[in-house]
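Taking it in order: structure first as structure tokens, then the write-up.
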Amino acid sequence: MKYNFKEIEKKWQDKWEEDGVFRAEETSDKPKFYGLVEFPYPSGAGMHVGHIKAYSGLEVVSRKRRMQGYNVLFPIGFDAFGLPAENYAIKTNQHPRVITDKNIQHFSEQLRRVGFSFDWSRVVDTTDENYYKWTQWIFLKLFDHGLAYRDKTFVNYCPSCKVVLSNEDSQGGKCDICHSDIIQKSKEVWYLRITEYADKLLDGLDQVDFPENIRAQEENWIGKSRGAFVNFKIDGTDEDLRIYTTRPDTLFGVTFMVIAPEHPLIDNNTDKITNMDAIRAYREECQKKSEFERVNMVKDKTGVKVEGLCAVNPVNGKKIPLFIADYVMMGYGTGAIMAVPGHDQRDYDFAKAFGLDIIEVIKGGDIEKEAYTGDGEMVNSDFLNGYDNKKDSIDRMIQYLEEKGIGEAGVQYKMKDWAFNRQRYWGEPIPIVHCPKCGMVGVPYEELPLRLPEVENFKPGEDGESPLAKIESFVNCKCPKCGGDAKRETDTMPQWAGSSWYFLRYTDPHNDKAFADPEKLKYWLPVDWYNGGMEHVTRHLIYSRFWHHFLYDIGAVPTYEPYAKRTAQGMVLGADGSKMSKSLGNVVDPLDVVEEFGADTLRTYVLFMGDYGASSPWNESSVRGCKRFLERILRLSENLGEKDDPGLESKLHKTIKKVTSDIEEMKFNTGIASMMALMNDFEAAGNVGKGQFMDFLKLLAPFAPHLAEEIWERLGGEGYISLAPWPEYDESKTIEATVEISVQVNGKPRDVLRIAVDADEAAASAAGLALSKVQKFVEGKRVVKTIYRAGKILNFVVK
RNA sequence: GCGGCCGUGACGGAAUUGGCAGACGUGCAGGAUUUAGGUUCCUGUGCCUUACAGCGUGUGGGUUCAAAUCCCACCGGCCGCACCA
């Protein structure tokens, strides 16, 4: 019979839907499995084959777990707030709601046609007011606990999108949405105090199963360092210049100090500084430079000496010059450093450029040539002389600083507080009222959701002002506290708000009394396995862990960490090996593949194409190869024997074992390969039993479920194969009675020997020596040693 | 600079407690069936060879009976962060 995948796929998708086959059970005695994939942003472009690969991994795991008797929650939803929909709305003069609904519908249809086993009764949409009500609720909780605040500082601003971006959203100085250059702008915006959770976010990594690269990337992003704060006196003033250093051991090597161009020390001492003109000129230069040149990472050190002020090294009373330079950032530490040119390459470069002293305080390098950043014995360092810099000197120095009251141990983080705002329409309104009398007041919880008002024009204001600011009926309100006239906050939340807690909502998506029933949270959490993209590690993943830790602290969720295990899929590249993009014209539309080859082929191919965690290029011939595999299965199903072939028994059991473990390890490619190999054996044997074949079919079911259901039904299988018990393997049957082992002479393979797995050395050795190909190399020589590993190898060492 | 990782046929990729390198798929070559084939089936396919042998996992060393796998040095590539004090 012809492989009519269109008919088969439609038929089973409809049946699954009708019977609610993939609905998670509310109460169950089964063990639970919560598998989570990153819900998509429903763009106008529709789904990408990358989405298919991203979801197929846990799709297969979830299907297998169902067959293994788990109560599985495998949900899907839509992260639908965001700029693309809004920009499209502006362009086409439609409401973002209309566009978003259309896109969600389109995405849902595509996902259904691939046959994903999502529980469609639990779909969440972050733009639904019944959902964002709770996003606002969590924000208010953060606000009530002092973790949401406003501050006027320099912010990352995208002039093209006209929005303020967080550090996470402007990595590399580029806007994450449109890739324009980011500029620094002084503006008062909302922040979430994620830095308060830096240590908890680090500690939590010890409780979860994250791969090393993800863990390292998060640690790196949080960027914790240990060191000391030291106060340097500014000569002739009563001001202290406070610095942070990770190298208090080198304090005797300080020969100058550098502060960031924006450092307030300058503005506080304009009367004493004698070269303010030069300093102002340099400050301007730096502001202009930051956009273009900082991306290119200029190595040349520039700066200006601050004339009229000088600093005093607190450990030896030496007067040292002070500079402003843009290699020191206002945003890290205290915006000021002690410069140790002998042992820091940047300070060294600066010292060379400005002709400053370089003192060696650690032996081991040649400071005539370059800074020595290694470890060694202290010199020129008074009470530290002779000690090891690392082992003893850091602690001794910190102790000294603390005793004298001139400094103390401290830690710093690279991570900054989360700039939490967008000056746009299509986002959750921030539920805060600005009252002239009471200050910032949260919208009362019972008044949530604070709905997005209808507006005529979604365009943002020229100076980064939200479109909501123009809606007087929205802006003007009464203060919830005092009842007086007040104004609403008009910024909306960033894209990442809704996704920071969506996995909680899936446990109880229709609850209108709470974001989820505590009992249901207790049952389903933590997410057992979360798969998503590497690009979200320093954004969504860290943000949602932060929210979850906070919710845990206020008793709103039962687990400290939200995700027990995290994995990441690799990208699907274009056939030319480059990233799929419209401009390169190498984009593959998953629906085209479904039309031409079928959903089962697509699903099998995206998992077969390579290592799941790695990127690999699309290859249509290989897609065809996967389809051939499925066709062969269908053909063989029409030609089965009633009795099982005993010769295939061990091959079948080996394959069951392999596929069972490969799915858990996300080694889908080798799992599929082993099923292909079994099919080859089946065809070669020619008399596969129906029972054997049906076991094989169950292995196939998570990958190609439509075809598996169809054949299952034709063969008289009971119920849905999707819910049939996963085949068990018998360990004893995976071991064949005889094996082929390599027979080597001096480590070189010379022949193979079929022998009983448990043959002893004497028997193996005798049989091995009898082989003519082995004889040839042993003849006339003396066997000095025989190495035999049962079932693996036989090696004769001869002389 | 810091952190994570990789280097295997024409291609995607297997093989990692060290034990027959190249599973599986693609591609290619030859053959069969077919009016025809982006069908199906069979055979072959790391390199050099008629064969035997020899050589082969980025390069050079090392450990070992045995190395794609472990160690050292180097070369090349990918990803993330980055003048982070």
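Chain letters run A, B, ... following the sequence lines, proteins first, then strands; residues in each count from 1.
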* Which of the following nucleotides, B/U26, B/C20, B/A85, is nearest to the side chain of A/Thr245? -> B/A85

* Any A/Asn669 side-chain N or O less than 4.0 Å from OP1/OP2 of B/A14 -> yes

* **Test item: A/Asn389 and A/Arg247 side chains (from C-beta on) under 4.5 Å apart, heavy atoms** => yes

* Looking at CD of A/Glu683 and CG of A/Asp681, how far apart are the two atoms once the value is rounded to the nearest 0.5 Å? -> 10.0 Å

* Any A/Lys627 side-chain N or O less than 4.0 Å from OP1/OP2 of B/G25 -> no

* To do: Please work out which of the three classes, parallel, tilted or perpendicular, describes the rings of A/His536 and A/His540, given edges at 30° and 60°.
  => perpendicular

* Is the distance from OP1 or OP2 of B/A15 to the nearest side-chain N or O of A/Lys667 less than 4.0 Å? -> yes

* Structure fact -> Walking RNA chain B from its 5' end, the first of A/Lys792 and A/Glu596 to be reached, judged by nearest nucleotide, is A/Lys792

* Asked: Would you say B/A85 has OP1 or OP2 under 4.0 Å from some side-chain N or O of A/Tyr332?
  -> yes

* To do: Taking only the side-chain heavy atoms of A/Tyr327 (C-beta and beyond), determine which of B/C83, B/G12, B/C24 contains the nearest atom.
  => B/C83

* Asked: B/G80 C1' sits how many Å from A/Glu212 CD, rounded?
  -> 14 Å

* If we take the C1' atom in both B/C28 and B/A15, what is their distance in whole Å? -> 24 Å

* To do: Check if the side chain of A/Lys414 and the base of B/C81 share a donor-acceptor pair of N or O atoms closer than 3.5 Å.
  => no

* Ion pair check, A/Arg242 and A/Glu408, cut-off under 4.0 Å -> yes

* Presence of A/Arg750 side-chain N/O under 4.0 Å of B/A53 phosphate oxygens OP1/OP2 -> no

* Expressed as a whole number of Å, how far does the C1' atom of B/U69 sit from that of B/G62? -> 15 Å

* **Options B/C24, B/G4, B/C83, nucleotide nearest the side-chain atoms of A/Met676** => B/C24

* When rounded to the nearest Å, what value does the distance between P atoms of B/G56 and B/A67 take? -> 11 Å

* If you measure from the C1' atom in B/G22 to the same atom in B/A14, how many Å do you get, rounded? -> 7 Å

* OP1 or OP2 of B/C20 sitting under 4.0 Å from any side-chain N/O of A/Asn795? -> no

* Reckon A/Ser621 has a side-chain N or O less than 4.0 Å from the OP1 or OP2 of B/G27? -> yes

* Using the C1' atoms only, state how far B/U45 lies from B/G58, rounded to an integer number of Å. => 25 Å

* Under a 3.5 Å cut-off for both distances, is B/G44 Watson-Crick or wobble paired, and to whom? -> B/C28

* **Euclidean distance for C1', B/C24 against B/U35 (whole angstrom)** => 35 Å

* **Any A/Arg789 side-chain nitrogen or oxygen under 4.0 Å from OP1 or OP2 of B/G18** => no

* **salt bridge (Lys or Arg N to Asp or Glu O under 4.0 Å) between A/Lys6 and A/Glu595, worked out** => CA-CA 8 Å; A/Lys6 279 189 189 167; A/Glu595 281 291 318; 3.3 Å; yes

* Identified side chain to side chain contact (heavy atoms under 4.5 Å, CB included) counterpart of A/Ile214 within the set A/Thr567, A/Leu205, A/Leu541, A/Thr538 -> A/Leu541

* Asked: Taking the nucleotide of RNA chain B with the closest heavy atom to each, which residue, A/Lys773 or A/Ser170, is nearer the 5' end?
  -> A/Lys773

